[in-house]
Number of protein chains: 2
Amino acid sequence: MSERVVPEEGRRRRRPTKQGTVLSERLIVDTALRLIGEHGAGALTVRRLGASLGADPSALYRYFRDTDDLLLAVADELIGRTLRRFRPTGAWRADLRTLGLMMHADYQAHPQAALLTCARVTGRAYEIQAVETILGILRGAGFPDAEAVRVYHVFVDQTLSFAALDAATLALPAGAREAEEGAWRGTYARLPAQSHPHIAATAPVLVAEMGRSGYPAALEMVLAAAQARLGAVRSPGPPPPGARAAVPGRGPG
Amino acid sequence: MSERVVPEEGRRRRRPTKQGTVLSERLIVDTALRLIGEHGAGALTVRRLGASLGADPSALYRYFRDTDDLLLAVADELIGRTLRRFRPTGAWRADLRTLGLMMHADYQAHPQAALLTCARVTGRAYEIQAVETILGILRGAGFPDAEAVRVYHVFVDQTLSFAALDAATLALPAGAREAEEGAWRGTYARLPAQSHPHIAATAPVLVAEMGRSGYPAALEMVLAAAQARLGAVRSPGPPPPGARAAVPGRGPG
DNA sequence: CACGTTATGACAACACCGTTGACCTGGAAA
DNA sequence: TTTCCAGGTCAACGGTGTTGTCATAACGTG
């Protein structure tokens, strides 16, 4: 077998399926995205995708080496969708907020693609464009280079990691997702004040807060901290304690 | 069938397996964690776990309702490993920093398991203890209830999501991980200043920064923003939107 | 227009997976 | 000593991704 997949631009004979559809990389990726959006997390299987396309499942292996290959193609399309919609205004804080929320929202629309994707460095066109855009916003705002890179790193990793976390929740089978909702209402909200005073005291707030994503609040906090540092750079004074705390990094990896 | 699983404390007859091992919740969870660590996340299947334990796969269904139930038990054990080591000092900011870095580190020690579990709400003992502890630290520091819950949410989700992001990198096959490292050095560091001025200007810093985790820096920014809000609550001026009157907190639990 | 070539879709099979109903058996309780 | 049933075992079901083989329609060529 070895190499049955052919690059899209090298295709010459487009033969219709038994059911009449003409396959293409583009059609397959779009159908996969639609399948995910319409029927939830577990709906993306080779067999179901084949059925949705009106083709034998094995026909897909003429277009993608395996399911991971297919998912990366979906991921690339996702990044593009986010970036193509973004229009910067020139106000750095508003622009980062908008971009962060847009990325987060677009990833939530396709949870399992986000899950398998958002920890990868692709080095492809859209990703490069994103890096350039964000760094431009920060340097344009007056952040010194080193600080701009640090804030960029936090911003991007935070956005992607929250996207993954929230996507993981969305990607859960319906039963498990309801069980998580129920854990807050059924378990935490009923703990006695004697044994768990802090949970008991905050239970109503806790139930309401944990039902939604923490990303918007986390983003605001990071933006606020970034602005504070920007002020410190512009009007130099003593840096706030812990601003450069010595902490172990992850190491080269 | 309906209910074949029996709670651990209600077990009375412990019959050895055909191969001689005596099963228990504890033994199964530990074996699962070992399996994941040694052979990757994909190695955790009921059949393989059964084989590793020297038992029929279906025997596990006497201890866990399904594989998801087992996974939640693994997740809680992971939380427990962090929590058992933690000793609070009473200084809220230092305690949260320590706890966050400890959790992050412990999750990195089991990247594959972290990936599978860190988006889950287990509702089990260790998780409850963690919630109570963190809320106690924040309320003890003087955060009003609503603010304490909000900061708790950001802190926990940020820690877990970064843990997942960094775990995903660690869990990549060696080849893919090297490819990511190379993308920064080989692709980004070589982009021409004409087309990508911001990347080119910051390339050396970028390569150095992106090689490590963004979590410590992100954590510092969130802690700084939290402290700023706490200050606003304590020395009343124009309160930040959403802030409430201060409530005397209790000591850390 | 007819003719090979061959790209590409279809089929069938493989090895796994989680899960469950029925069975059997040995340990504990009486 | 007897009884009972918790708990381990077996076999089967329907699902999954993947691939070796075959059939055929679409193309380049004459």
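All heavy atoms count here, side chains included; hydrogens, waters and symmetry mates do not. The chains referred to below are lettered A, B, ... by the order of the sequence lines, with proteins before strands, and numbering in each begins at 1. The shown structure was predicted, so the numbers you read here are calculated from the model rather than taken from an experiment.
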Whole-Å distance between [N] [atom2] and [X] [atom1]?
{"X": "B/Asp68", "N": "C/dT19", "atom1": "CG", "atom2": "C1'", "value": "14 Å"}
{"X": "A/Arg62", "N": "D/dT19", "atom1": "CZ", "atom2": "C1'", "value": "10 Å"}
{"X": "B/Asp66", "N": "C/dC17", "atom1": "CG", "atom2": "P", "value": "17 Å"}
{"X": "B/Leu53", "N": "D/dG7", "atom1": "CG", "atom2": "P", "value": "16 Å"}
{"X": "A/Arg15", "N": "C/dT5", "atom1": "CZ", "atom2": "C1'", "value": "13 Å"}
{"X": "B/Leu71", "N": "C/dT19", "atom1": "CG", "atom2": "P", "value": "11 Å"}
{"X": "B/Tyr63", "N": "D/dA6", "atom1": "OH", "atom2": "P", "value": "13 Å"}
{"X": "A/Gln19", "N": "D/dA25", "atom1": "CD", "atom2": "C1'", "value": "17 Å"}

Q | Donor-acceptor side-chain pairing of B/Glu132 and A/His196 below 3.5 angstrom | A |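 Judged by distance alone, the side chains do not pair up.
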Any salt bridge linking [X] with [Y]? Criterion: basic side-chain nitrogen under 4.0 Å from a carboxylate oxygen.
{"X": "B/Lys18", "Y": "B/Asp56", "answer": "no"}
{"X": "B/Glu25", "Y": "B/Arg124", "answer": "yes"}
{"X": "A/Arg84", "Y": "A/Glu77", "answer": "yes"}
{"X": "B/Arg34", "Y": "B/Asp30", "answer": "no"}

For [X], answer base if it contacts any base atom (sugar-phosphate contacts may also be present), sugar-phosphate if it contacts only those atoms, and nothing otherwise; contact means non-hydrogen atoms under 4.0 Å.
{"X": "B/Phe64", "answer": "nothing"}
{"X": "B/Pro57", "answer": "nothing"}
{"X": "B/Ala59", "answer": "base"}

Q) With side chains defined as the heavy atoms from C-beta onward, is the minimum distance between B/Val156 and B/Val131 less than 4.5 Å? A)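 Not touching, per the 4.5 Å side-chain cut-off.
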Report all interatomic pairs (protein N or O, nucleotide N or O of nucleotides 11-16 of chain C) with separations under 3.5 Å.
{"from": "C/dC11", "atom 1": "OP1", "to": "A/Lys18", "atom 2": "NZ", "distance (Å)": "2.5"}
{"from": "C/dC11", "atom 1": "N4", "to": "A/Ser58", "atom 2": "OG", "distance (Å)": "2.8"}

Q: Please tell me which of B/Pro16 and B/Tyr61 maps to the more 5' nucleotide of DNA chain C, matching each residue to the nucleotide holding its nearest heavy atom.
A: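 Result of the comparison: B/Tyr61.
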Q.
Given A/Phe162, which partner from the list A/Tyr215, A/Tyr107, A/Phe155 fulfils the ring-ring contact (aromatic ring centres under 6.0 Å, His included) test?
A.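 The ring-ring contact (aromatic ring centres under 6.0 Å, His included) with A/Phe162 is passed solely by A/Tyr215 among A/Tyr215, A/Tyr107, A/Phe155.
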